[in-house]
Amino acid sequence: MNKQTRVVLGMSGGVDSSVSALLLKEQGYEVIGVFMKNWDDTDEWGHCTAEEDAEDVRRVCDQIGIPYYTVNFEKPYMDKVFQYFLDEYRKGRTPNPDVMCNREIKFGEFLNKALELGADYIATGHYAQVDHIDGIHRLRRGVDANKDQTYFLNALNQYQLSKAMFPIGHLPKPEVRAIAERAGLATAKKKDSTGVCFIGERDFKEFLSGYLPANPGEMQTMEGEVKGRHDGLMYYTLGQRQGLGIGGGSGSGEPWFVSGKKLDSNVLVVVQGEQHPSLYSLGLRATDLNWISGDLPEQPYRCTAKFRYRQPDQGVSVTFNASEGTCEVTFDKPQKAVTPGQSVVFYDGEVCLGGGIIDQIIR
Ligand SMILES: Nc1ncnc2c1ncn2[C@@H]1O[C@H](COP(=O)(O)OP(=O)(O)OP(=O)(O)O)[C@@H](O)[C@H]1O
């Protein structure tokens, strides 16, 4: 008798991973659902969404007829994702914890756990696709351009992708919902989760202030003129317009934007006007370079890139420093509000080539 291929699926209690479970089961895999508890999220009102989510996982697994487990990764999540997140904010940068969570937790701790459970593959409900051709594992964009999550998966390597399945990556989101509704899955009508997993719907500023001391200081123009006070550099992102509280009518009357942070003097630099040149950059330097195929191409290498999740692809040329694991990216057109700490992610058409963490911008 043929042994069934065993797939251990990360189930968050949302509709995407619920439908992933259903599809894998229908395709004849032996499916095991696993809920990860990464965060002690009893919130201010004593309301814990992890418990509700775990309960939804249980209901869906019972409906589909697959076993499920809960695993606790609070400690590795704290050490490998949350500490990184805080360190980056301490440095005045704007990190992307989802990229780190995918690399370290979902395709690290969770993958190891799944292998202990005898998995041949792991699966998640990400909107992404993977193919395995001639021993090369390629990450491809999800078909639903509006939901594509390859940006957050850019730090995965060949080994991690060789074990990965994305059962809904070929489907548009409305189709995923429709499948859930037709099957009467308990999560069919559940609202999509938003925001960073551990912050959820909470107020970001309040959340962060619980972990890092806020250090208020001055807002200054590039010429050093004081325009107001800031609540702490960590609360602001480059290019930000909202929440500066600089009265209209000052200067040219145009809105003000964050154009820089001076960590040494604790100054937030603000400029006036949406088109101010200091909001734009010509290139960037990135660290933590991950080139998914493992084989760096000839350089300068032309491809497209995204510097934040919700952004159309931009033409770039890339030069690599393989021994340092860094790269320098030159933009075809000046780009606005490229932000240190965020990821730069490279594409060749539908294929996600890899990425890095933006370290410096080049003006
Ligand atoms: N707590 C968790 N336990 C197990 N797997 C998880 C958990 N959180 C996320 N995942 C896995 O990672 C995938 C992507 O997570 P993400 O939070 O980006 O998506 P999502 O929109 O919340 O997905 P879903 O609709 O399945 O909740 C999920 O579909 C699921 O497979």
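We count ligands from 1, going down the list as the structure has it; atoms in each ligand are counted the same way. We use all heavy atoms of the structure for the numbers below, so side chains are in, but hydrogens, waters and symmetry mates are not. Numbers here are sequence positions counted from 1.
Qualifying side-chain hydrogen bond (donor to acceptor under 3.5 Å, both in side chains) partners for Lys336, counting only residues two or more places apart in sequence or in other chains: none. Under the side chain to side chain contact (heavy atoms under 4.5 Å, CB included) criterion, His276 pairs with Met222, Val271, Ser278, Leu279, not counting sequence neighbours.
Here the rule is ring-ring contact (aromatic ring centres under 6.0 Å, His included) with Phe82, and of Trp39, Tyr77, Tyr89, Phe73 only Trp39 fits it.
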### Test log, rule ring pair (Phe, Tyr, Trp, His ring centres under 6.0 Å), inputs Phe35 and Tyr68
CA-CA 8 Å; Phe35 176 76; Tyr68 57 88; over 10 Å; no
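Distances between N or O atoms of Thr124 and those of ligand 1 include no value under 3.5 Å. At a 3.5 angstrom cut-off on N or O pairs, Met36 counts as close to ligand 1. The shortest N/O to N/O separation between Phe35 and ligand 1 does not fall below 3.5 Å.
Of the heavy atoms in Gln149, only side-chain atoms (C-beta onward) come closer than 4.0 Å to ligand 1. Contact annotation for Val34 and ligand 1: only backbone heavy atoms (N, CA, C, O) come within less than 4.0 Å of the ligand. Using a 4.0 Å cut-off between heavy atoms, Ser12 contacts ligand 1 through both its backbone and its side chain.
Selection from Ser18, Gly125, Gly13 by nearest heavy atom to atom 28 (C) of ligand 1 gives Gly125.
Judged purely by distance below 3.5 Å, without hydrogens or angles, the side chains of Asp16 and Tyr127 pair a donor atom with an acceptor atom.
Residue contact annotation: Asp192 has no non-hydrogen atom under 4.0 Å from ligand 1.
Between Met219 and Tyr236, the shortest heavy-atom contact is CE-OH, 4.3 Å.
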